[in-house]
Amino acid sequence: MDWNRLASEIEGEVLTGVFDRGRYSTDASIYQIIPSGVVVPRRFEDVAATLAMAREAGVPVTARGGGTSQAGQTINRGVVVDFSRHLNGLIELDVPGRRAVVQPGIVLDELNRMLKPHGLWFPVDVSTASRATIGGMAANNSCGSRSIKYGLMRDIVLAIDALMADGSARRFAATERETNDPLIRDLVALGTREADEIAARFPKVQRRVGGYNIDALVPGDAPLRLHDVLVGSEGTLAVSERVEIRLSPVLTDKVLGVCHFPTFWSAMDAAQHIVTLGPVAVELVDHNMIALGRDCLLYTSDAADEED
């Protein structure tokens with residue numbers, strides 16, 4: 001990979017020093033892989049140039065947001081492209097239509113701060129909201145604690161404009177299944193061929209967030225949601241440029257119910273009955289969580305007194 005040439009062709013930064021490569025060699029997982037270089041693009045044309053040069057050199061590329069992934073998804077031995085520094089804007093906001101178009105590097109909390117004055121929010125409320133990016137959340141099909149009401153990223157993403165491995169740009173959105181488009185035709189054929197296997201093997205659960213969403217390809221009357229295939233693909237199929245998302249009204253009146261159970265099993269068994277009441281979220285806090293919370297210095301009485 002000709003890093004000097006790449007640096008001369010893009011507006012963003014090319015980082016190849018030991019310290020910078022070390023910073024990008026880890027994420028929230030236990031893994032550590034030192035990349036050969038890091039690109040911090042200022043515009044999406046920088047991303048396209050990086051992909052083109054990496055394709056020419058045969059070097060793998062990984063798009064990175066907040067680095068909150070816990071299975072090593074944001075690290076590799078090749079090129080790491082950091083979207084969080086500059087490609088983090090709110091491109092379009094349709095308040096009456098409750099939709100927005102964002103760049104993949106925008107952080108969830110920052111997005112919700114922008115939406116709050118309009119009475120809207122993005123309801124996939126992951127615990128890492130202060131640093132998780134929308135692009136990364138789409139990549140791993142995040143769900144959040146309120147997915148029982150609002151669904152997963154797959155349910156809330158409306159379209160993705162992305163760059164494919166061969167350098168071609170494409171919009172992934174709802175489309176008709178009958179088309180002359182070679183890619184769509186191949187995907188529909190895959191879904192038709194594997195429909196029985198998908199029906200037999202895919203778990204019938206509400207929060208399935210692992211693996212490719214190829215169940216979106218099976219035959220049906222509804223339009224093909226092409227973007228469902230990208231959501232959850234961990235950046236292995238295309239690199240997102242813009243993500244169109246559905247928004248929801250900000251929560252106003254809130255009620256918290258606390259139930260106590262004598263055993264872990266009884267608490268889990270009761271969940272099936274609690275969900276019939278239509279809650280926004282159901283959380284389990286066991287003895288271990290309470291004990292760890294009590295040991296956290298941030299929540300001790302001494303720390304609270306110091307803040308006062």
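Values reported hereafter were calculated over all heavy atoms of this structure, with side chains retained and with hydrogens, waters and symmetry mates removed.
Residues Leu251 and Arg146 meet the side-chain proximity criterion, which asks for heavy atoms closer than 4.5 Å. Between Leu226 and Leu187, the closest side-chain pair of non-hydrogen atoms falls below 4.5 Å. Counting heavy atoms from C-beta outward, Leu190 and Arg193 have side chains that approach closer than 4.5 Å. Counting only heavy atoms from C-beta outward, the side chains of Arg64 and Val81 never approach each other to under 4.5 Å. With a 4.5 Å cut-off on side-chain heavy atoms, Phe261 and Cys259 count as touching. Contact check for Val40 versus His86: side-chain heavy atoms found under the 4.5 Å cut-off. Looking at heavy atoms from C-beta onward, Leu6 lies in side-chain contact with Ile10 at the 4.5 angstrom threshold. Counting only heavy atoms from C-beta outward, the side chains of Met137 and Met153 approach each other to under 4.5 Å.
Of the inter-residue distances, the one linking Leu224 atom CG with Glu176 atom CD reads 9.5 Å to the nearest 0.5 angstrom. Once rounded to the nearest 0.5 Å, the distance linking CG of Leu284 with CE of Met289 reads 8.5 Å. Taken to the nearest 0.5 Å, the CZ atom of Arg42 stands 6.5 Å off from the CD atom of Glu13. To the nearest 0.5 Å, the span separating CG on Asp228 from CZ on Phe172 amounts to 12.0 Å.
Here the options are Ser145, Ser142, Cys143, the test is side chain to side chain contact (heavy atoms under 4.5 Å, CB included), and the partner is Asp125; only Ser145 passes.
Within 6.0 Å of CD in Gln272 there are more than 12 heavy atoms belonging to other residues, nucleotides or ligands. Counting heavy-atom neighbours within 6.0 Å of His287 NE2, excluding the residue itself, gives a total of 12 or less. For Asp196, the CG atom counts as loosely surrounded, since its 6.0 Å shell holds 12 or fewer non-hydrogen atoms of other residues, nucleotides or ligands. Counting heavy-atom neighbours within 6.0 Å of Met164 CE, excluding the residue itself, gives a total above 12.
Neither Val101 nor Val231 shares a network with the other; the hydrophobic side chains, linked directly or stepwise wherever heavy atoms of I, L, V, M, F, W or Y lie under 4.5 Å apart, form separate groups for each. Residues Leu120 and Ile106 share a single hydrophobic cluster, defined by chaining ILVMFWY side chains whose heavy atoms lie under 4.5 Å apart. Grouping the Ile, Leu, Val, Met, Phe, Trp and Tyr side chains by contacts below 4.5 angstrom, directly or via other members, places Phe202 with Val218. Under the 4.5 Å side-chain contact rule for hydrophobic residues, Leu158 and Phe122 do not share a cluster. Cluster annotation: Val61 is connected to Met53 through the hydrophobic network of ILVMFWY side chains, with a link wherever side-chain heavy atoms come within less than 4.5 Å.
Contacts of Leu292 classified as side chain to side chain contact (heavy atoms under 4.5 Å, CB included), with partners at least two apart in sequence or in another chain: none.
Between the Ser248 side chain and the Trp121 main chain, no donor and acceptor come within less than 3.5 Å of each other. Remark: side-chain polar atoms of Asn76 are paired, donor with acceptor, to backbone N or O of Val79 under 3.5 angstrom. Formation of a donor-acceptor pair under 3.5 Å by the Asp155 side chain with backbone atoms of Tyr150 is not found in this model. Looking at Asn88, its side chain does come within 3.5 Å of a backbone N or O of Arg85 through a donor-acceptor pair. In this structure, Thr133 contributes its side chain and Gly136 its backbone to a donor-acceptor pair below 3.5 Å. The closest donor-acceptor contact from the side chain of Asp20 to the backbone of Thr16 lies at 3.5 Å or more, if one exists at all. No donor-acceptor pair under 3.5 Å is formed between the side chain of Arg113 and the backbone N or O of Leu108. Under a 3.5 Å cut-off, the side chain of Asn141 and the backbone N or O of Leu152 do not form any donor-acceptor pair. Remark: the backbone N or O of Arg242 is not paired with any side-chain donor or acceptor of Ser240 at under 3.5 angstrom. The backbone N or O of Arg43 lies less than 3.5 Å from no partner atom in the side chain of Glu45, so there is not a single donor-acceptor pair.
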**OP:** Go through the steps to decide whether Arg154 and Asn213 satisfy the test side-chain contact (heavy atoms from CB on, under 4.5 Å), and finish with yes or no.
**Re:** CA-CA 9 Å; Arg154 176 180 179 176; Asn213 291 317; 3.3 Å; yes

Original post:
Where do Glu244 and Ile160 land on the side-chain contact (heavy atoms from CB on, under 4.5 Å) test, with the steps shown first?
Top reply: CA-CA 6 Å; Glu244 183 177 344; Ile160 298 176; over 6 Å; no

Original post:
Does the pair Thr74 and Tyr24 meet the rule for a side chain to side chain donor-acceptor pair (under 3.5 Å), with working shown?
Top reply: CA-CA 9 Å; Thr74 68; Tyr24 284 90; over 6 Å; no

Subject >> Candidate pair Leu111 and Leu115, rule side-chain contact (heavy atoms from CB on, under 4.5 Å), full reasoning >> reply: CA-CA 6 Å; Leu111 172 62; Leu115 298 176; 3.8 Å; yes

**OP:** Could you give me the CA-CA distance, side-chain angles and deciding distance for Asp82 and Ser84, then say whether side chain to side chain donor-acceptor pair (under 3.5 Å) is met?
**Re:** CA-CA 6 Å; Asp82 182 356; Ser84 66; 2.6 Å; yes

Subject >> Step-by-step side-chain contact (heavy atoms from CB on, under 4.5 Å) determination, Val229 to Ile214 >> reply: CA-CA 6 Å; Val229 182; Ile214 59 173; 5.7 Å; no

**OP:** For Asp215 and Lys204, run salt bridge (charged side-chain N to carboxylate O under 4.0 Å, His left out): C-alpha distance rounded to whole Å, both residues' side-chain angles, the deciding distance at 0.1 Å, then the answer.
**Re:** CA-CA 11 Å; Asp215 56 319; Lys204 308 299 188 293; over 6 Å; no

Original post:
Given Glu92 and Arg99, is the salt bridge (charged side-chain N to carboxylate O under 4.0 Å, His left out) satisfied, shown in steps?
Top reply: CA-CA 8 Å; Glu92 181 183 341; Arg99 54 172 289 279; 2.9 Å; yes

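Residue Gly12 comes nearest to Asp46 through the heavy atom pair N-OD2, 3.0 Å, listed as atom of the first residue, atom of the second, then distance. Between Leu230 and Ala162 the shortest heavy-atom distance is CD1-CB, 4.1 Å. Nearest heavy-atom pair, Val280 versus Ile148, reported as atom, atom and distance to 0.1 Å: O-CG2, 2.8 Å. Arg177 and Ile184 make their closest contact through O-CG2, 4.3 Å (heavy atoms, listed as atom of the first residue, atom of the second, distance). Between Gly167 and Leu163, the shortest heavy-atom contact is O-CD1, 3.3 Å. Nearest heavy-atom pair, Val126 versus Ala132, reported as atom, atom and distance to 0.1 Å: CG2-CB, 4.0 Å.
Side-chain polar atoms of Tyr31 and Ser25 form no donor-acceptor pair below 3.5 angstrom.
Between Glu56 and Arg5 there is a salt bridge, since at least one side-chain N of the basic residue sits less than 4.0 Å from a carboxylate O of the acidic one.
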